[in-house]
Amino acid sequence: MPFSYKQILALHADLAETLPLRQMTREGSSIGGFVDAADGLVNPVSHARYLAICGLALLLPESRLHGDPALSEAVRLGTDFLSRVQRPSGCFDLVSTNFDSPPDTAFALGPLCTLLSVARECRSDAADRIASEIEPIVSRAARGVIGGGFHTPNHRWVIAGALARTRGLLPDLPCMEYIDALLAEGIDQNADGEFFERSFAVYHGICDRAFREMARWLGRAELYEPVRRNLAFLSRMLHDDGTVVTATSRRQDRGLRVAPANLADSFFEMGALDGNGEWLAIADLLIARGVTEYSVVHSAWMDPFVDEPRLRSAELARSPVPDRYTETFPHAGLWRHRDRKLSVTAGIHTTSPLSIQFGRVTLRAVKFYGSWYGMGQFEPTVMRRDDDEIVLVDSGKRRHPPGYDLPLGRPVPWEEIEAGVRRRRIEQPALAMELRLRLAGSAIEARFRTSGGLDGIPFQIEFCFESGGEWETASQFQVGAADQAIHLREGAGVLRCGSEAIRISPGRADHAYREMRGLERETGSFRVLMTMFTPVDHAFKIEAGDWRIGDGTFEVRSA
């Protein structure tokens, strides 16, 4: 599915045709609002995106819904709704959580500005009406955002990008001092191109879009550079099917198997700007996966064609997307290996330090945990290369190490207990952990060891597979059901989806403790456990291969 003006406009029209079915038409405060498919609420922020999609499908002359009377009425009702629910400050609510919210209003400004741009461009009676109604909403919203604050790191850039885009339409908007104050904080991006929130499926795309907006509308070409760094980084985080690494995310996409469709417009625009055929091909892959698997259509996909009309008819050459590489990203603390369908990720600053995808089989996370005062989760902070091995290290040193408090020898009032009593403590030794990984063809050879702590601590290695496959050992066969945990006592076990399979070995079951205190659950996964006691020194292997359905055997995939 090509990322092209014709294709994106057709997707907008397809969605716009169904959106009136989500629109509230009964009398009441929500009349004209589009119900958000994600949470069932009438949310002004998502409503703005739906309104823009409808408006673009209505106004652009190449659209098959151009001038459609029913769609025109839906846009009129939707615009009236936005005007009514706009707070006196100019801001909107994100009804599911944030109210009178400047950053969420900035999210709404993007699609509203796109709609306003197109309405000004088209110069029809319908377009003039929409422009006259949308412009005051946009102006009030932008003034509500200026100086209004934010919550998260990416909000800063959403706000700055939205204000830059709005200023391009409303040149008198007094926003530059606020934009400069936001940029003065510096960009939360490491040298590998990763933004702080590590959200490859959601917030990296949002940040990239914001920096593109600032670069274009403020005339600051240097702000394209963080986008280029991020896209180069993310191009090596994709799996064979267009989904992306999420095990290391700090946000809501953590552990999900999802295509980062909201990155498609950035890959396309920057690919067109830089003549990068690989990025253009990635944009094609992302919208194909997003539309077919998740029914996602982003209003921002139209922005490159609205901002740069020449792209509507441009012939842009694609290049193959590399699918065989092994790369280390030291600043992000990530190691990536791709061999066509096989995709391996190891990383630090996460409790999911290893994840593997092979076709339809997903090993969402390999996790390591000991019942050490509720602090025994392996969360490495150091990654280094040792000859042909990648080594991940957790020193075991915690901000509040485990131990036992000593008496003060004086009365301790209730208020002091509430505030937190400062005591001398007898602290326990740190439980250090190390994971070594080595490639061996289509296999990952791993060795996990502990040191320090105390002897006899129950420990487990947890293989968290995406549920729905079939699990088989030499003596067992079952469906890999969600939120089920089993022990692999010995030998090998195979999780397969059709003919694609991942095998783990050798099993070990020194104890049957599976729900340890403080264990971070990988909700929705099928968990296979190997269990032992400290000190731990366990070598294991993870292999990708083919399941021969006819005779029920596993065949290691050739390199």
Side-chain angles (χ1 to χ4, degrees), residues 29-30 32-36 38-39 41-55 75 78-117 119 130-131 133-183 185 197 202-203 205-207 209-214 217-218 251 262 298-300 303:
S29 60
S30 295
F34 293 107
V35 176
D36 191 348
D39 55 27
L41 297 170
V42 179
N43 232 319
V45 178
S46 55
H47 172 92
R49 295 195 299 270
Y50 297 143
L51 179 64
I53 287 171
C54 289
V75 171
T79 305
D80 288 347
F81 168 80
L82 267 189
S83 183
R84 288 199 315 276
V85 300
Q86 195 166 23
R87 297 279 185 179
S89 66
C91 292
F92 297 112
D93 299 336
L94 180 63
V95 180
S96 57
T97 183
N98 299 329
F99 297 84
D100 203 5
S101 170
D104 291 296
T105 302
F107 277 107
L109 270 173
L112 292 177
C113 284
T114 302
L115 178 55
L116 180 56
S117 294
I130 291 172
E133 293 170 350
I134 290 292
E135 183 173 319
I137 296 174
V138 166
S139 179
R140 290 194 299 270
R143 283 167 169 77
V145 168
I146 296 169
F150 48 85
H151 292 148
T152 62
N154 78 84
H155 281 174
R156 296 171 299 168
W157 315 132
V158 173
I159 288 167
L163 290 176
R165 190 175 190 86
T166 307
R167 183 173 176 267
L169 296 168
L170 306 175
D172 294 334
L173 186 70
C175 61
M176 283 311 304
E177 183 178 353
Y178 194 46
I179 291 174
D180 288 338
L182 292 165
L183 287 170
E185 294 193 354
E197 289 168 284
V202 181
Y203 291 104
I206 286 169
C207 292
R209 186 175 301 126
F211 280 104
R212 281 170 34 220
E213 289 174 327
M214 284 186 276
W217 296 107
L218 301 180
R251 298 301 302 271
N262 73 329
H298 288 275
S299 60
D303 288 354

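Note that this is a predicted model, so its numbers are computed, not measured.
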Polar side-chain atom of Gln86 near backbone of Ile137 as donor-acceptor pair, under 3.5 Å: yes
Sidechain-backbone polar pair: Asp104 side chain, Leu94 backbone, donor-acceptor under 3.5 Å: no
Pairwise side-chain contact, Phe81 with Val42, heavy-atom cut-off 4.5 Å (strictly under): yes
Chi angles and distances behind the side chain to side chain contact (heavy atoms under 4.5 Å, CB included) call for Leu163, Met214: CA-CA 9 Å; Leu163 290 176; Met214 284 186 276; over 6 Å; no
Salt-bridge test for Asp303 and Arg165: reply yes if a basic N is under 4.0 Å from a carboxylate O, no otherwise. yes
Quick one: do Leu51 and Leu112 satisfy side chain to side chain contact (heavy atoms under 4.5 Å, CB included)? Show the steps, please. CA-CA 8 Å; Leu51 179 64; Leu112 292 177; 4.2 Å; yes
Less than 4.5 Å apart, any side-chain heavy atom of Val138 and any of Thr166? yes
So, for Pro103 and Val158, which heavy atoms are closest and what is the spacing to 0.1 Å? O-CG1, 4.2 Å
For Pro44 against Val95, the heavy-atom pair lying closest together: CD-CG2, 3.7 Å
Please examine the side chains of Cys91 and Pro102, heavy atoms only from C-beta on, and report whether any two atoms are closer than 4.5 Å. yes
For a quick test of reading the model, state the closest non-hydrogen atom pair linking Ile179 to Ala160 and the distance between them. CD1-O, 3.9 Å
Apply the test side chain to side chain contact (heavy atoms under 4.5 Å, CB included) to residues Asn154 and Glu197: give CA-CA distance (whole Å), side-chain angles for both, the deciding distance (0.1 Å), then the verdict. CA-CA 8 Å; Asn154 78 84; Glu197 289 168 284; 3.1 Å; yes
In Å and rounded to the nearest 0.5 Å, what is the CD to SG distance from Glu213 to Cys113? 8.0 Å
Within the 4.5 Å heavy-atom criterion, are Tyr203 and Thr152 side-chain neighbours or not? no
Looking at side-chain heavy atoms only, is the closest gap between Arg143 and Leu173 below 4.5 Å? yes
Find the distance between CZ (Phe92) and CZ (Phe99) and round it off to the nearest 0.5 Å. 14.5 Å
Please answer whether the main-chain N or O of Asn43 pairs with a side-chain N or O of Asp36 as donor and acceptor at a distance below 3.5 Å. no
Side chain to side chain donor-acceptor pair (under 3.5 Å) involving Ser89 - partner list, sequence neighbours excluded: Asp100
How long is the span from the CD atom in Glu133 to the CG atom in Leu116, to the nearest 0.5 Å? 11.5 Å
Whether Tyr50 and Phe34 hold their rings parallel, tilted or perpendicular, with breakpoints at 30° and 60°: perpendicular
Taking all non-hydrogen atoms of both residues, which atom of Tyr178 and which atom of Ile146 are closest, and how far apart? CD2-CA, 3.8 Å
Kindly indicate whether the side chain of Val45, heavy atoms from C-beta on, has any atom under 4.5 Å from the side chain of Asn98. no
Short side-chain to backbone donor-acceptor contact, His47 and Gly78, under 3.5 Å: yes
Is the side chain of Ser30 donor-acceptor paired with the backbone N or O of Gly33 at a distance under 3.5 Å, no angle test? no
Rounding to 0.5 Å, atoms CD1 (Ile134) and OG (Ser139) come to a distance of 12.5 Å
Identify the heavy atoms of Ala162 and Ala106 that sit nearest to each other, and give their distance. CB-O, 3.5 Å
Polar side-chain atom of Asp39 near backbone of Leu41 as donor-acceptor pair, under 3.5 Å: yes
Minimum side-chain heavy-atom gap Leu218-Arg167 below 4.5 Å: yes
Identify the heavy atoms of Cys54 and Val75 that sit nearest to each other, and give their distance. CB-CG2, 3.8 Å
For Gly110, does its backbone N or O pair with a side-chain atom of Thr114 as donor and acceptor, under 3.5 Å? yes
Distance in Å, Ile206 CD1 paired with Trp157 CH2, rounded so as to fall on 0.5 Å steps: 14.5 Å
For a 4.5 angstrom cut-off between non-hydrogen side-chain atoms, does Pro88 reach Arg140? no
Checking Arg156 now: which residues fulfil salt bridge (Lys or Arg N to Asp or Glu O under 4.0 Å) with it, not counting sequence neighbours? Glu185, Asp188
How are the rings of His155 and Phe107 set to each other: parallel, tilted or perpendicular (split at 30° and 60°)? perpendicular
What do the steps show when you test Leu169 against Ser117 for side chain to side chain contact (heavy atoms under 4.5 Å, CB included), and what is the final call? CA-CA 7 Å; Leu169 296 168; Ser117 294; 3.3 Å; yes
